[in-house]
Protein chains: 2
Amino acid sequence: MNRTKEAFKAFVGVKRTNEYLESNVKKDVSRYGLNITEFAVLELLYNKGDQPIQHIKNRILIASSSTTYVVDKLVDKGYVDRRPDTNDRRISYAFLTEKGRELMVEIFPPHAELIKELFEELTDEELAAFRKTLKKISVKRAQTN
Amino acid sequence: MNRTKEAFKAFVGVKRTNEYLESNVKKDVSRYGLNITEFAVLELLYNKGDQPIQHIKNRILIASSSTTYVVDKLVDKGYVDRRPDTNDRRISYAFLTEKGRELMVEIFPPHAELIKELFEELTDEELAAFRKTLKKISVKRAQTN
DNA sequence: TAAAATTATCTCGAAACTGAAATAATTTGG
DNA sequence: CCAAATTATTTCAGTTTCGAGATAATTTTA
């Protein structure tokens, strides 16, 4: 088969795999009244600490206006709050409230377990090679907004 | 590193790679006033012939209500039309109009070329292994709606 | 050091997508 | 053979996401 067709199939494959993974994660997090984007933000704050809004946008790959929207949602739900940066007044940090932290302590471990299971068909070598290839494709990342 | 963390990174990697690929495709098709979903439908009809709405939904992985929405959009733009099935009156086929076909004749080849370039960092072997791994992950596919 | 450029966040209106339920047609099985 | 179940599509209201532009703060540069 020629290279163009192979590439096309790989493109579709990535889309399908992403869809497959996300539909599983979605099912998981919806039990807590969260959607994938909301969970991604909570997960980032939980594992990497307080983050400027800008940083959240870059990490979870959504438009800046969407970032404002998701953080607002999480603030409404009482899981997140905002705190202005003391040096640079343009910057606003998002951080987990006590309620948000308690939620993540409860739901993150089984979530990580689920993700592990989604990849269980792969050998260690396969998983490592897969990650390497993914990186190779998307190194010089595109920037949105 | 432990398996759970590896899996988690692979999960994020798939998401990023998908985002990277889609942002490139988006840039390409937006020049013709199309979004990715619309293009995916046109591409399906162009390469696989007329399709029942149901089939479109399964192929491009969106909710049935979204399928109606996208096809409506393409009908409005004059690229697609609907035709009822003569045997089973529940079924409606979507097909390319002459205008739609002309558009695809023009834009599909450079589009395929773009996709090929997005994977050009990979050797033939790497690309083949990558496709195999993608399939392995998402074999028993989840069904939406 | 003041004007210009850049950076961070938010507002707003519109587009895209979804789930639940409605409608209509077909198939199944008791 | 008909009631119940299934299948295909659409409608509708609501949610999520976006792009363009506004606002405000900081940095650059001439």
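Everything numeric in this text was worked out from a predicted model, so none of it was measured.
- Members clustered with A:Tyr93: A:Ile91, by chain and number, using a 4.5 Å side-chain heavy-atom cutoff among hydrophobic residues.
- Distances shown here put a side-chain N or O of B:Gln54 below 4.0 Å from the OP1 or OP2 atom of D:dT9.
- Between B:His111 and A:Phe11, the ring planes are perpendicular. Angles over 60° get that label, and only those under 30° would be called parallel.
- The nearest whole Å value for the distance from the CD1 atom in A:Ile53 to the C1' atom in D:dA25 is 16 Å.
- Atom CD1 in A:Ile62 sits about 17 Å away from atom C1' in C:dA15, given to the nearest Å.
- Rounded to an integer number of Å, the gap from CD of A:Glu19 to P of C:dT18 is 8 Å.
- Counting any heavy atom pair closer than 4.0 Å across all strands shown, A:Asp85 reaches no nucleic acid atom.
- Residue B:Ser92 is classed as a sugar-phosphate contact, given heavy-atom separations below 4.0 Å to backbone atoms only.
- Proximity of A:Lys57 to the phosphate of C:dC10: no side-chain N or O atom is located under 4.0 Å from OP1 or OP2.
- B:Ser66 has a side-chain polar atom (N or O) that falls below the 4.0 Å cut-off from OP1 or OP2 of C:dT18.
- Linking Ile, Leu, Val, Met, Phe, Trp and Tyr residues whenever their side-chain heavy atoms come within less than 4.5 Å places A:Val105 and A:Ile115 in a single cluster.
- In this structure, A:Thr37 reaches the sugar-phosphate backbone alone: every heavy-atom distance under 4.0 Å involves primed, P, OP1 or OP2 atoms, never a base.
- Taking the six-membered ring where the residue is Trp, A:Phe108 and B:Phe8 present perpendicular rings, their angle passing 60° and hence far from 30°.
- Look at B:Arg89 and you won't find any side-chain N or O under 4.0 angstrom from OP1 or OP2 of C:dT27.
- The heavy-atom pair separating B:Ala7 from A:Phe119 by the smallest distance is O-CE1, 3.6 Å.
- Contact record, B:Glu106 with B:Tyr32: OE2-CE2, 4.4 Å, taken as the closest heavy-atom pair.
- Atom CG in B:Leu34 sits roughly 19 Å away from atom P in D:dC18 (whole-Å rounding).
- Of the candidates C:dC10, D:dT9, D:dT17, the closest approach to any side-chain atom of A:Val70 belongs to D:dT17.
- In this structure, B:Arg83 atom CZ and D:dA8 atom P are separated by 17 Å, rounded to whole Å.
- A donor-acceptor pair is defined here as one N or O able to donate and one able to accept, closer than 3.5 Å; such a pair exists between the side chain of B:Arg31 and the backbone of B:Asp28.
- Remark on DNA chain C: of its neighbouring residues A:Asp88 and A:Asp72, the 5'-side contact belongs to A:Asp88, judged by nearest-heavy-atom nucleotide.
- For a distance-only test at 3.5 Å, the side chain of B:Arg90 fails to qualify as a donor-acceptor partner of the base of D:dT9.
- For A:Glu22 and D:dT16, the CD to C1' distance is 13 Å, given to the nearest whole Å.
- In this structure, A:Lys99 does not pair ionically with A:Asp81, as no charged nitrogen and carboxylate oxygen lie closer than 4.0 Å.
- In this model, the phosphate group of D:dT10 is approached by a side-chain N or O of B:Arg82 to a distance below 4.0 Å at OP1 or OP2.
- When the nearest nucleotides of DNA chain D are assigned to B:Ile91 and A:Glu38 by heavy-atom distance, the more 5′-ward of the two goes with B:Ile91.
- Comparing the end axes of the helix from C:dT1-D:dA30 to C:dG30-D:dC1, each fitted to five base pairs by superposing C1' atoms of four pairs onto the next four, gives an inter-axis angle of 30° (nearest 10 degrees).
- Where B:Thr67 and A:Asn87 each meet DNA chain D at their nearest nucleotide, the meeting point lying more 5' is that of B:Thr67.
- At D:dT17, none of the side-chain N or O atoms of A:Tyr69 fall inside 4.0 Å of OP1 or OP2 (strictly under the cut-off).
- Listed pair B:Asn35 / C:dA16 meets the phosphate criterion, a side-chain N or O lying under 4.0 Å from OP1 or OP2.
- At whole-Å resolution of the value, NZ in A:Lys73 and P in C:dC10 are 16 Å apart.
- Rounded to whole angstrom, the span from the CG atom of A:Leu61 across to the P atom of D:dT16 amounts to 19 Å.
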